[in-house]
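Not measured: the values here are computed from a predicted model.
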Protein chains: 2
Amino acid sequence: MLQEHRHQKIEAYLKQQKAVKASELATLLNVSIDTVRRDLEVLEKKGLLKRVHGGAILKQNKDNVLNKLFNEREVNHLEKKQEVASLAIELIEEGQAIALNGGTTTIEIAKVLVEKFKRLTIITNDLRILGILGANKNFNVILTGGFYNPEEYTLYGKQCEEVLSHFNIDIALITVNALSIEHGLTDFRIHEVGVIQTILSRTKYKVVVADSSKFETSSYITICPLKNIDLIVTDSSLPFHIAEEYDRHNIRTLSPS
Amino acid sequence: MLQEHRHQKIEAYLKQQKAVKASELATLLNVSIDTVRRDLEVLEKKGLLKRVHGGAILKQNKDNVLNKLFNEREVNHLEKKQEVASLAIELIEEGQAIALNGGTTTIEIAKVLVEKFKRLTIITNDLRILGILGANKNFNVILTGGFYNPEEYTLYGKQCEEVLSHFNIDIALITVNALSIEHGLTDFRIHEVGVIQTILSRTKYKVVVADSSKFETSSYITICPLKNIDLIVTDSSLPFHIAEEYDRHNIRTLSPS
DNA sequence: CTTTTTTTTGCATTGTTTTGCATTTTTATA
DNA sequence: TATAAAAATGCAAAACAATGCAAAAAAAAG
């Protein structure tokens, strides 16, 4: 049996049973217990389960049902992202033109926007965001054009940036993979970097939305230094010493009071 | 057994089994495992499956945004549209740049394109077409930007036409709501009209794809006279007297022989 | 219909990943 | 703390994948 297939079977079995013994899976799947352990290790890294002595237990995410709609790269830190989203929309005023780039945090923002606002203009390169906001008649939703990245459900490239470059954006809510004082905003999504840079160049009020786990990490490609950013919105788990250090560097951060 | 036949068999088997071992396919199809691997490689590029160690697993994108757009409204004259689609793609050559506007006939064309071509550049304003072609690594798919029309799953407006206006299109396959000698191409989709006009202005070879039911009908908004069109592709049910009359007016039509 | 060209296929070689076993270390519980 | 069960670790065998190449099969050209 294929490894991936085995993983699917374990996942299905676990969802049903909530907890499984490794030895049980070994006989069930006709492989050695070592292989089962390695499988469980992989699935744990995906955030699907928690390994315990003897086997594993299902890690239930509250919003699993909701996440199913968007799926793929599993949404960890979901609750933190929701916290960030709720805080970030406080910065927005009715009628403004907003840019949201591609990412799971901005998706959470889009969900909150639908609830809280009557009239907005939103430009995005993320089809999942379009899916959330597009049906809403009160919002003016503009999708950038461009090449399609089916892994991320986003658009990128010359056409994308061309459309963006004709916009005057009141407030940009940007999500990136990593940020640090030393390296600034960084990301591994090679196509997304140009999009973010273009958005920033067209925006008056530049806001980065990032859950606390992204602070003081860095990724391969540099987007811009942190001094170019007006505000970083994060969640309540940001360690005090980091917040302090950012303050010392004159980088404004905002977390739930 | 022919390569294409083998690919179809693999596809069918995989859809049933969800996951297959390469060795299993080799015995099943009576070819070496190397050939199976090469087959899987091709099918992976088409976005149909994901290769894993030992074989491949079906890529079922049930719950992504784009696939949510499908079904819904049932298509009338589906068989006729498929007939038109199969005929229309005969006009296309490997490597060309093609424009497909929004509509159910162009959706059928997109489905056939995946099967028959290796390398194409396609620009469209229809998200359903993006859903069909987007996962295919062999195709360069460009989505126009613009405002989103959730009724039609299409994009329109200044941004949309701006992106289109930078393209040099080899062949445009245009679907409209109605066409007649007297009124030319007409449509009721107010936003789509501008998109079609822009596409036509950027295209060398202008082809209208229309099932026979659309002939000698008309709709509210005029797009252009028929003399601006190089060819109209239709199905086998077009009444002879209409075909004759179009001929008399020097309007070329093409239907299955 | 035959010859030439192109494509496809299977095989051999080499490199990589996965797996099960043996051994040591850790953990749970009496 | 003692003990058994489970987990981690290192390792070698097996399964699998990538590459280059030559023969075979199709397709194209004459």
Side-chain angles (χ1 to χ4, degrees), chain A residues 1-14 16-59 73 151, chain B residues 1-14 17-59 86 89-96 112-120 135-139:
Chain A
M1 185 182 318
L2 253 38
Q3 193 185 56
E4 193 107 11
H5 195 202
R6 222 170 43 226
H7 290 176
Q8 287 173 10
K9 284 210 165 189
I10 293 175
E11 189 181 334
Y13 190 71
L14 191 62
Q16 195 184 33
Q17 306 278 329
K18 310 295 177 204
V20 283
K21 283 172 64 177
S23 57
E24 195 181 334
L25 285 172
T27 51
L28 206 76
L29 300 168
N30 262 325
V31 287
S32 78
I33 198 157
D34 306 73
T35 302
V36 171
R37 284 210 190 89
R38 277 184 282 244
D39 286 345
L40 293 177
E41 200 176 350
V42 172
L43 294 174
E44 183 175 43
K45 280 206 181 127
K46 276 196 183 172
L48 247 144
L49 53 80
K50 185 159 156 42
R51 237 137 46 94
V52 294
H53 194 87
I57 54 174
L58 183 65
K59 203 171 170 184
R73 200 191 326 159
E151 317 287 317
Chain B
M1 184 185 312
L2 249 42
Q3 196 182 50
E4 196 155 331
H5 189 207
R6 222 169 43 226
H7 288 178
Q8 285 172 9
K9 282 211 164 189
I10 293 175
E11 189 177 335
Y13 190 70
L14 190 62
Q17 304 278 328
K18 311 293 178 205
V20 283
K21 284 174 66 173
S23 57
E24 194 182 334
L25 286 172
T27 51
L28 206 77
L29 300 169
N30 263 324
V31 287
S32 77
I33 199 158
D34 306 73
T35 302
V36 171
R37 281 206 195 91
R38 277 183 283 243
D39 286 345
L40 293 178
E41 201 175 352
V42 171
L43 294 173
E44 184 177 43
K45 280 215 176 123
K46 285 197 177 175
L48 204 93
L49 53 81
K50 186 171 126 218
R51 238 139 43 96
V52 295
H53 193 94
I57 58 172
L58 184 66
K59 211 174 180 183
S86 306
I89 63 149
E90 303 284 330
L91 305 167
I92 298 169
E93 284 165 38
E94 202 72 57
Q96 283 188 319
V112 189
L113 286 179
V114 177
E115 306 284 317
K116 303 284 179 185
F117 288 88
K118 288 222 175 76
R119 195 167 48 85
L120 288 175
N136 193 321
K137 294 228 166 73
N138 298 316
F139 291 0

- Closest listed nucleotide, where the reference is the side chain of B:R6 and the choices are C:dT9, D:dA8, C:dG20: C:dT9
- Message: If you compare all heavy atoms of B:A19 against all heavy atoms of A:L2, which two are closest, and at what distance to 0.1 Å?
- Response: CB-CD2, 4.3 Å
- Message: Taking CD in B:Q8 as the centre, count heavy atoms belonging to other residues, nucleotides or ligands within less than 6.0 Å. Is the count above 12?
- Response: yes
- Query: Which heavy atom of A:L49 sits nearest a heavy atom of A:A56, and at what distance?
  - Reply: CD1-CB, 3.9 Å
- Picking from D:dA8, D:dA18, C:dG10, which would you name as closest to the side chain of B:R51? D:dA18
- Nearest heavy-atom approach of B:K50 to A:E4 is NZ-OE2, 3.2 Å
Below 3.5 Å is the cut-off: list the nitrogen or oxygen pairs between protein and nucleotides 28-30 of chain C, distance only.
none

- To the nearest 0.5 Å, what is the distance between CG (A:L28) and CZ (A:R6)? 12.5 Å
- Could you tell me the separation between the CG atom of B:N30 and the P atom of C:dT9, rounded to a whole number of Å? 13 Å
- Just call it for A:V36: base, sugar-phosphate, or nothing, with non-hydrogen atoms closer than 4.0 Å on any strand. nothing
- Item | Minimum-distance nucleotide to A:Q3 side chain [options: C:dC21, C:dG10, C:dT19] | C:dT19
- Message: Within the structure provided, determine whether A:M1 and A:N30 are in side-chain contact (heavy-atom separation under 4.5 Å).
- Response: no
- Query: Which value, rounded to the nearest 0.5 Å, describes the distance between B:N136 atom CG and B:K118 atom NZ?
  - Reply: 12.0 Å
- Expressed in angstrom and rounded to an integer, what is the separation of A:E4 atom CD from D:dA17 atom P? 13 Å
- Message: With side chain to side chain contact (heavy atoms under 4.5 Å, CB included) as the test, pick out the partner of A:R38 among A:V42, A:L40, A:V36, A:T35.
- Response: A:T35
- Query: Which atom pair, heavy atoms only, marks the closest approach of A:E24 to A:Y13?
  - Reply: OE2-OH, 2.5 Å
- Message: Between A:Q3 (side chain only) and B:H53 (backbone N and O only), is there a donor and an acceptor less than 3.5 Å apart?
- Response: no
Atom pairs under 3.5 Å: protein N/O with N/O of nucleotides 21-27 of chain D:
none

- Task: Could you tell me the separation between the NE2 atom of A:H7 and the C1' atom of C:dT17, rounded to a whole number of Å?
- Result: 13 Å
- Message: Whole angstroms only, please: what is the CG-C1' distance between B:L25 and D:dC16?
- Response: 15 Å
- Between CD1 of A:I33 and P of C:dA22 the distance, given in whole Å, is 15 Å
- Closest to side chain of B:A22, choosing from C:dT9, C:dA12, D:dA17: D:dA17
- Which angle, to the nearest 10 degrees, lies between the helix axes at the two ends of the helix from C:dC1-D:dG30 to C:dA30-D:dT1, each defined by five pairs? 40°
- Item | Spacing between B:R37 atom CZ and C:dT17 atom P, to the nearest angstrom | 14 Å
- Rounded to the Å, how far apart are A:D34 CG and D:dA8 C1'? 10 Å
- Could you tell me which non-hydrogen atom of B:F117 sits nearest to which non-hydrogen atom of B:F139, and how far apart they are? O-CE1, 3.5 Å
- Task: Send over the distance from A:E41 CD to C:dT18 P, rounded to a whole Å.
- Result: 12 Å
- Task: Could you tell me whether B:V42 contacts a base, only the sugar-phosphate backbone, or nothing, with contacts defined as non-hydrogen atoms closer than 4.0 Å?
- Result: nothing
- Note on the structure: The reported gap from NZ in A:K18 to CG in A:L58 (rounded to nearest 0.5 angstrom) is 5.5 Å
- OP1, OP2 of C:dT9 versus side-chain N and O of B:T35: anything below 4.0 Å? no
